[in-house]
Amino acid sequence: MSEKPAKIHKPRPISGYPEWLPEERMVEQAWIDQIRAVFEAYGFGSIETPSVEEIEVLTAKGGDTDKEIYAIRRLHDDGGASEGRVALHYDLTVPLARYVAQHYGDLTFPFKRYQIQKAWRGERPQEGRFREFLQCDIDVIDNDELSIEFDAEMPAIIFEVFQRLDIGNVTININNRKILQGFYSGLGIEDVTGVIRIVDKMDKIGVQGVAKQLADEAGLSADMISRCLSLAEIKTPDASFADQVQALGVENETLSKGVEELSFVMNSLGHLPQGVIFADLSIARGFDYYTGTVYESKLADYPEFPSICSGGRYDNLVSSYMNKRLPGVGISFGLTRTFAKMLKEGKLDTNIKSPTQVLVVQLPDTDRELAASTAQALRARGFNVEMYHEAAKMKNQLRYAERKAIPYVWFPAVDRGQSHEVKDMASGEQAPTALDTWQPARI
RNA sequence: GUGGCUGUAGCUCAGUUGGUUAGAGCGCCGCACUGUGACUGCGGAGGCCGGGGGUUCAAAUCCCCUCAGCCACCCCA
């Protein structure tokens with residue numbers, strides 16, 4: 001009777017493009033709600049930019065991110081000028097820069113915005129690395145000068161997010177690119193970014209490995225290496241790093257400026273709990289366009305796991321799109337990366353399989369209107385309610401509720417004068433109740 | 001993009017020195033049970049053995065290619 005389809009295309013997971021079960025997605029949405037609430041509590045407003053940008057916009061900053069950008073074209077490319085003109089955005093900072101340049105006249109500065117959207121990168125996926133992932137960004141942009149206050153506010157906001165998400169202990173490490181820039185310049189090192197890249201691997205390949213690469217790849221002298229490592233090993237929970245930098249005896253104007261800025265940030269964060277915030281002069285993560293403060297956050301329980309939240313200050317990002325100086329500072333929480341890790345480690349409660357709080361059953365030999373009107377009355381009281389879709393065996397209706405972890409099952413009153421009954425699925429207890437007064441113990 | 005490892009039911013995996021019609025557990029559907037779930041019993045559906053080619057009387061098994069996934073590098077949320 002039923003013919004077999006000619007060909008079955010077996011679905012396979014596409015590496016790097018995660019998707020969640022309903023019970024997992026419910027937790028993810030709760031995360032998004034929490035994050036949004038924190039961002040708005042600090043006065044950040046939401047914007048959403050298109051998934052695509054012009055390729056020229058995405059690559060205006062240069063760098064070698066080009067090869068990880070996904071270009072968009074139609075399957076049947078007609079070769080017209082409009083084809084291949086746009087690509088999926090790689091992060092949310094570049095779209096923000098373009099957005100500010102485009103809407104400059106309509107924005108009030110300092111412009112504070114948050115953006116919770118997907119980003120796409122053509123990397124080889126592995127644990128903690130996806131090709132499509134959700135980022136939660138906050139940035140502040142101002143005209144000409146941007147107050148250092150904002151550099152200090154970012155970690156405080158992010159810490160609040162971490163607390164609300166209940167993802168275990170987290171450390172937020174802070175550095176300032178000016179310290180690295182100034183220190184290395186003061187030592188007479190020319191390839192500053194090259195050295196930064198190597199030193200940044202400290203936690204991965206260790207002191208020995210960094211020393212070796214500095215000698216082999218950057219061609220530094222033993223004395224230079226020793227001083228670079230001394231700087232990189234500085235890590236303090238407060239502003240005391242400054243004295244340690246001083247003791248290394250390198251004089252440089254940029255270095256002094258960096259120390260001053262980082263000191264301000266550290267002193268401003270003194271109210272946060274011990275063991276969360278560190279001035280860590282080895283970290284330099286993130287994009288090349290960072291010019292001052294840089295942030296990196298790690299899950300304390302999983303030191304091997306990559307940074308879950310990083311960002312920094314950039315002095316001239318918008319300059320690629322308009323002839324103005326608009327410095328900014330921002331930070332980006334990698335929601336997908338963090339969420340996937342928590343899921344894998346079994347740290348998330350994914351028992352609830354649907355938003356339904358009450359299942360109204362259909363009793364045999366009764367009008368379905370009875371169940372429908374009962375469900376509607378409960379919805380009017382604000383509960384999430386579904387009516388079972390047929391007058392099936394009670395066993396099946398209850399089993400459905402059990403499998404979806406619906407906490408309550410409602411038995412409508414069949415006749416006038418008879419009472420409604422509600423069953424608590426966890427305890428198995430069933431008791432008479434009334435439509436307009438019922439109060440669940442849980443929910 | 002470079003290198004290494006792995007592909008058998010929806011999932012986790014067996015499958016002998018190549019040898020009839022490829023198995024198990026879990027999950028799914030049905031029944032025992034036409035007003036009450038989790039346990040139990042019985043029954044059922046579900047496989048181009050990732051794909052293509054080669055060797056052989058014979059391939060899930062051996063060889064080649066390819067695709068996909070995982071891990072490391074690179075880079076980064």
Side-chain angles (χ1 to χ4, degrees), chain A residues 2 4 6-18 21 35 63-69 89-93 115-138 158 197-198 200-201 204-205 209 213 283-290 294-299 304-312 330-341 359 361-366 388 390-412 414 418 421-430:
Chain A
S2 66
K4 266 201 166 175
K7 191 177 182 182
I8 292 178
H9 180 84
K10 273 190 139 182
R12 301 172 183 287
I14 304 176
S15 177
Y17 294 80
L21 294 171
I35 293 164
D64 49 23
T65 56
D66 296 27
K67 54 177 179 278
E68 297 190 352
I69 292 176
H89 58 233
Y90 176 91
D91 64 9
L92 299 177
T93 306
Q115 216 168 328
I116 300 175
Q117 284 185 246
K118 285 191 170 161
W120 294 266
R121 295 183 193 174
E123 300 182 286
R124 271 296 215 294
Q126 49 192 268
E127 189 189 19
R129 291 177 43 173
F130 297 91
R131 287 181 161 170
E132 179 180 70
F133 55 95
L134 260 181
Q135 279 191 304
C136 310
D137 273 41
I138 41 171
I158 278 310
R197 188 161 296 147
I198 295 171
D200 185 53
K201 298 179 186 174
K204 195 148 195 169
I205 63 177
Q213 288 196 12
I283 75 128
R285 290 257 173 147
F287 295 106
D288 285 343
Y289 51 65
Y290 296 136
V294 286
Y295 314 101
E296 172 188 295
S297 309
K298 309 252 313 180
L299 294 167
E304 300 300 314
F305 197 72
S307 171
I308 59 166
C309 180
S310 40
I331 195 162
S332 175
F333 171 58
L335 190 148
T336 300
R337 164 178 286 182
T338 310
F339 182 77
K341 181 61 175 172
L359 176 72
V361 296
Q362 288 204 51
L363 303 174
D365 306 321
T366 58
Y388 199 78
E390 60 183 350
K393 290 179 183 173
M394 196 48 58
K395 170 192 173 69
N396 290 343
Q397 301 194 50
L398 284 168
R399 192 172 58 181
Y400 174 76
E402 192 239 329
R403 289 185 178 182
K404 279 204 169 174
I406 297 170
Y408 294 99
V409 170
W410 192 282
F411 297 80
V414 177
Q418 192 176 342
E421 291 186 359
V422 67
K423 181 182 177 75
D424 182 328
M425 290 298 283
S427 66
E429 285 171 25
Q430 185 168 332

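Letters go in sequence order (proteins before strands), and every chain restarts at 1. All of these numbers come straight from a predicted model, not from anything done at the bench.
Between the P atom of B:C76 and the CG atom of A:Asp137 lies a distance of 15 Å, rounded to the nearest Å. A:Lys201 has its NZ atom 9 Å from the P atom of B:C73, to the nearest Å. B:A77 atom C1' lies 10 Å from atom CG of A:Leu92, rounded to whole Å. When the P atom of B:G1 is taken as reference, atom CD of A:Gln126 falls 15 Å away, rounded to whole Å. Atoms OH (A:Tyr295) and P (B:A77) sit 14 Å apart, rounded to a whole Å. To the nearest angstrom, C1' of B:C76 lies 14 Å from CD1 of A:Ile331. In this entry the distance linking CG of A:Asp424 with C1' of B:A38 reads 14 Å, nearest Å. Note: CD (A:Glu429) to C1' (B:G37) measures 15 Å, nearest angstrom.
Distances from the side chain of A:Gln418 to the nucleotides B:C73, B:C75, B:G35 place B:G35 closest. Of the candidate nucleotides B:G35, B:U36, B:A77, B:U36 has the atom nearest to the side chain of A:Leu398. For A:Ser15, counting side-chain heavy atoms from C-beta on, the closest listed nucleotide (B:G35, B:C70, B:G37) is B:C70. Listed nucleotides B:G35, B:C75, B:C33 differ in distance to A:Phe411; the shortest reach to its side chain belongs to B:G35. Out of B:C76, B:G35, B:G37, the shortest distance to the side chain of A:Glu421 is found at B:G35. Of the listed nucleotides (B:U36, B:A77, B:A32), B:A77 has the atom at the smallest distance from the side chain of A:Gln135.
As the counterpart of B:G23, B:C13 is assigned, both hydrogen-bonding distances of the Watson-Crick or G-U wobble pattern falling under 3.5 Å. B:U2: Watson-Crick or G-U partner is B:A72, with both key distances under 3.5 Å. Taking a pair to require two hydrogen-bonding distances under 3.5 Å in either a Watson-Crick or a G-U wobble arrangement, B:C29 pairs with B:G43.
Geometrically, A:Arg121 engages A:Tyr90 in a cation-pi contact defined by less than 6.0 Å to the ring centre and at most 45° from the axis.
If you take atom C1' in B:G41 and the same atom in B:C33, they sit 13 Å apart, rounded to whole Å. Atom P of B:C63 sits at a distance of 16 Å from the matching atom of B:U56, rounded to the whole Å. Taking the P atoms as reference points, B:U61 lies 34 Å from B:C73, given to the whole Å. With both ends at atom C1', the span from B:C48 to B:G37 equals 40 Å, rounded to whole Å. For the P atoms, the distance from B:A22 to B:C26 is 22 Å, rounded to whole Å. Distance check on atom P: B:C28 versus B:U6 gives 33 Å, rounded to whole Å. As rounded to the nearest Å, B:U16 and B:U12 have C1' atoms that lie 22 Å from one another. The gap from the P atom of B:U8 to that of B:G52 amounts to 16 Å, rounded to the nearest Å.
Toward the 5' end of RNA chain B, the nearer of the two residues A:Gly128 and A:Gly16, judged by each one's closest nucleotide, is A:Gly16. Between A:Phe333 and A:Gly428, the residue whose closest nucleotide on RNA chain B is further toward the 5' end is A:Gly428.
Side-chain contact between A:Gln117 and A:His89 is present, with heavy atoms from C-beta onward closer than 4.5 Å.
In the interface, the side chain of A:Arg399 is not paired with the base of B:A38 through any donor and acceptor atom under 3.5 Å apart. With hydrogens and angles ignored, no donor-acceptor pair closer than 3.5 Å exists between the side chain of A:Glu296 and the base of B:A77. Between the side chain of A:Arg124 and the base of B:C71, no donor-acceptor pair of N or O atoms lies under 3.5 Å. You'll find a donor-acceptor pair under 3.5 Å spanning the side chain of A:Gln430 and the base of B:U36, going by distance alone.
Residue A:Tyr90 and nucleotide B:C76 are not classified as a stacked aromatic pair, given the requirement of ring centres less than 5.5 Å apart at an interplanar angle below 30°. Stacking annotation: A:Phe133 is stacked on the base of B:A77 (ring centroids less than 5.5 angstrom apart, interplanar angle below 30 degrees).
The pair A:Lys118-A:Glu132 counts as a salt bridge, with a side-chain nitrogen and a carboxylate oxygen less than 4.0 angstrom apart.
For the pair A:Gln135 and A:Ser332, the tightest heavy-atom approach, listed with the atom from each and the gap, is NE2-OG, 3.1 Å. The two residues A:Tyr295 and A:Ser310 make their nearest non-hydrogen contact at O-CB, 2.9 Å.
A:Tyr400 has its ring centre less than 6.0 Å from the ring centre of A:Tyr388.
The environment of A:Glu304 atom CD is sparse: at most 12 non-hydrogen atoms of other residues, nucleotides or ligands sit within 6.0 angstrom.
Between A:Lys393 and B:A32, a side-chain N or O to OP1/OP2 separation shorter than 4.0 Å is present. At B:A77, none of the side-chain N or O atoms of A:Thr336 fall inside 4.0 Å of OP1 or OP2 (strictly under the cut-off).
Using a 4.0 Å heavy-atom cutoff across all strands shown, A:Glu127 reaches sugar-phosphate atoms only and no base atom. Counting any heavy atom pair closer than 4.0 Å across all strands shown, A:Arg403 reaches sugar-phosphate atoms only and no base atom.
Panel note: side chain A:Thr336, backbone A:Leu134; a donor-acceptor pair is recorded below 3.5 Å.
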